[in-house]
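To start, the structure under review is shown below, and the notes come after it.
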Amino acid sequence: MTVLSVSEVSKTYGATRALRGVSLDLAPGEVLGLIGANGAGKSTLIKVLSGATRASSGSVRLAGRPFEPSGPLDAQAAGVQTVHQNIDDGVVPGMTVAENLTLDGFGRGGSGWFVTRGRIRERARPVAADAGLLADLDAPVESLSPSGRQRVVIARALSRAPKVLILDEPTSTLSAAEADALLPRVRELAGDGVAVLYVSHRLSEIEALCDRVVVLRDGRARRTFTAPVDRHAVVAAMLGDLVPDTSTTGKAVDTSESVLTASGVTARPGGAPFDLRVRPGEILGVTGLVGSGKTELLEQFFGARPLLSGTLTLGGAPYRPKDPGAAIKAGVALVAEERAARAVVPGWSLRAHVSLPRLGAHTVAGVLSRRAERSSAEEVVRLLAVRTSGVEAAIETLSGGNQQKVVVGRWLTGSPRLLLLDEPFRGVDVGARADLGRVLRGRADGLAVLVASSDPEEVLELADRILVLHEGSLAGELRAADATAERLTGLMAGTPAREPS
Ligand SMILES: Nc1ncnc2c1ncn2[C@@H]1O[C@H](COP(=O)(O)OP(=O)(O)OP(=O)(O)O)[C@@H](O)[C@H]1O
Ligand SMILES: [Mg+2]
């Protein structure tokens, strides 16, 4: 049986052929994974199915009938609920959490009704409870963190008893624990007969959740796998012959000198002081649950918040940045969390985004050198294989993962001594994650990198050495070669597995 049938769907944006004749079927009760490299066309397909955009050609059938939604409301009314990759497409700012949870068809049919705050809260409560959302229902939705907003959007979609539920990277802003809570809910809905289309760059999620997996590459559906899927075959289908080489991970580093040393530092108030150092050419991973103090630690090293305790040295000299400007001057760069909210300026070109943090470097007698800007931007595109029509393209025409590559990659064209990366992989595909690792490692200038991520698998992919934080204190330090995801997860949760003796 088929509930949703996609037939030969194509979509072009100017000269970009985002989808080229994609066909797939979705059965009731099935979880179909949709995976592909950044820019492969996943979100474009989802925008067609959700009524956010129209296909250039091809057709879709829903429950046997032609399905050509005139807009998102139309698709929702027909039973297709979508959680978009860009969370802020799903929340209405200026409204409370409760209002966002109960938004009824975005204002349809509400006229003439006097709906009290109390009534809305009453309706929102079970929706929140069902999704395990503990947020203050009367808070403005924009006061929530990205993961909080994401959970509001997901909770609303789950509550609507759709025929087809579409989730575009629902977990990319969630912590590992929040993601772990979502997956059983999705399975449960499928158990009730909902057809689910699920996009993720986290292959372990795809393996745990999906009955079948369709791999998109360059706008085409290349292969379909049936569970249990073979991860290597899936990655090969995704990336073609560009399968990443991770053989350089965990290489030995020169242990004699340090770029950064920290003595007696504290991740967050209440945590126990600890020491750390990052050596030239080394990638040090810091992992821990949300709230374990990863971001706070990085922000202290960047001068974005005062040092809670202890002392730092950079390149052997005392280092105590009074603000981020001082840190940048000293050769320290931070790529902050929350791509969409803080780092991307809609309407600005890719080129402008590359020069944004370092306007000074491209200024000659106060005039920005367009040529220098262009060549930096082209370097980022080349280093990280950013998929774009060119460096003058507006940032919002790039796929989500490619926007993230620009935000991270722009720091690589300068010459920082210490690069601090906070959750750099949100929405970045497995091939690009490996590219980034190779670029960071291949530098001859001894760049030291500190990378924070709440996903133990990502840390394992990139880091040479890994620190695990638990509630603001150091729970363990491991060489990547000796670590496993299970061991890291145990340390993160404060329940380390017994060391083999
Ligand atoms: N509004 C737009 N204008 C021009 N090109 C666009 C637009 N939206 C998407 N594209 C292009 O279409 C292609 C597919 O993008 P899409 O967002 O579907 O990729 P994706 O598979 O979802 O990638 P990611 O994993 O990074 O989210 C990309 O080359 C992208 O640059
Ligand atoms: Mg996408």
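In this text the structure is predicted, and so the values were computed from the model without any measurement. Note that ligands are numbered from 1 as they come in the structure, with each ligand's atoms numbered from 1 the same way. Atoms considered below: every heavy atom in the structure, side chains included; atoms not considered: hydrogens, waters and symmetry mates. In what follows, residues are counted from 1 in the order of the sequence shown.
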Anything protein N, O or S sitting under 2.8 Å from the Mg ion (ligand 2): count it and give me the total.
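The number of such protein atoms is 2.
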Residues in side chain to side chain donor-acceptor pair (under 3.5 Å) with Thr82, at least two apart?
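Side chain to side chain donor-acceptor pair (under 3.5 Å) list for Thr82, sorted by chain: empty.
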Proximal protein residues to ligand 1, non-hydrogen atoms under 4.0 angstrom
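Its neighbours under 4.0 Å (heavy atoms only) are Tyr13, Thr16, Ala18, Ala37, Asn38, Gly39, Ala40, Gly41, Lys42, Ser43, Thr44, Gln85, Glu169, His201, Arg387, Thr397, Leu398, Ser399, Gly400, Gly401, Asn402, given by chain and number.
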Please report the shortest heavy-atom distance between [X] and [Y], naming the atom on each side.
{"X": "Leu469", "Y": "Lys294", "answer": "CD1-N, 3.9 Å"}
{"X": "Arg187", "Y": "Leu209", "answer": "NH1-O, 2.7 Å"}
{"X": "Lys11", "Y": "Ala55", "answer": "CD-CA, 4.3 Å"}

Determine, stepwise, if the pair Phe67 / Val80 fulfils side-chain contact (heavy atoms from CB on, under 4.5 Å).
CA-CA 10 Å; Phe67 177 61; Val80 177; 3.8 Å; yes
Taking only residues at least two apart or on different chains, which pairs with a member in residues 17-41 satisfy salt bridge (Lys or Arg N to Asp or Glu O under 4.0 Å)?
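Checked against salt bridge (Lys or Arg N to Asp or Glu O under 4.0 Å) - neighbours excluded - the pairs reaching residues 17-41 are Glu30-Arg212.
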State the CD1-CG distance between Ile283 and Leu462, to the nearest 0.5 angstrom.
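The CD1 atom of Ile283 sits 4.5 Å away from the CG atom of Leu462.
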Using a 4.5 Å cut-off on heavy atoms from C-beta on, say whether the side chain of His84 contacts that of Ser50.
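In short, these two side chains touch, coming nearer than 4.5 Å.
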Using a 6.0 Å cut-off, check whether atom CD of Glu68 has over 12 heavy atoms from anything other than its own residue.
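Atom CD in Glu68 is not crowded, with 12 or fewer foreign heavy atoms closer than 6.0 Å.
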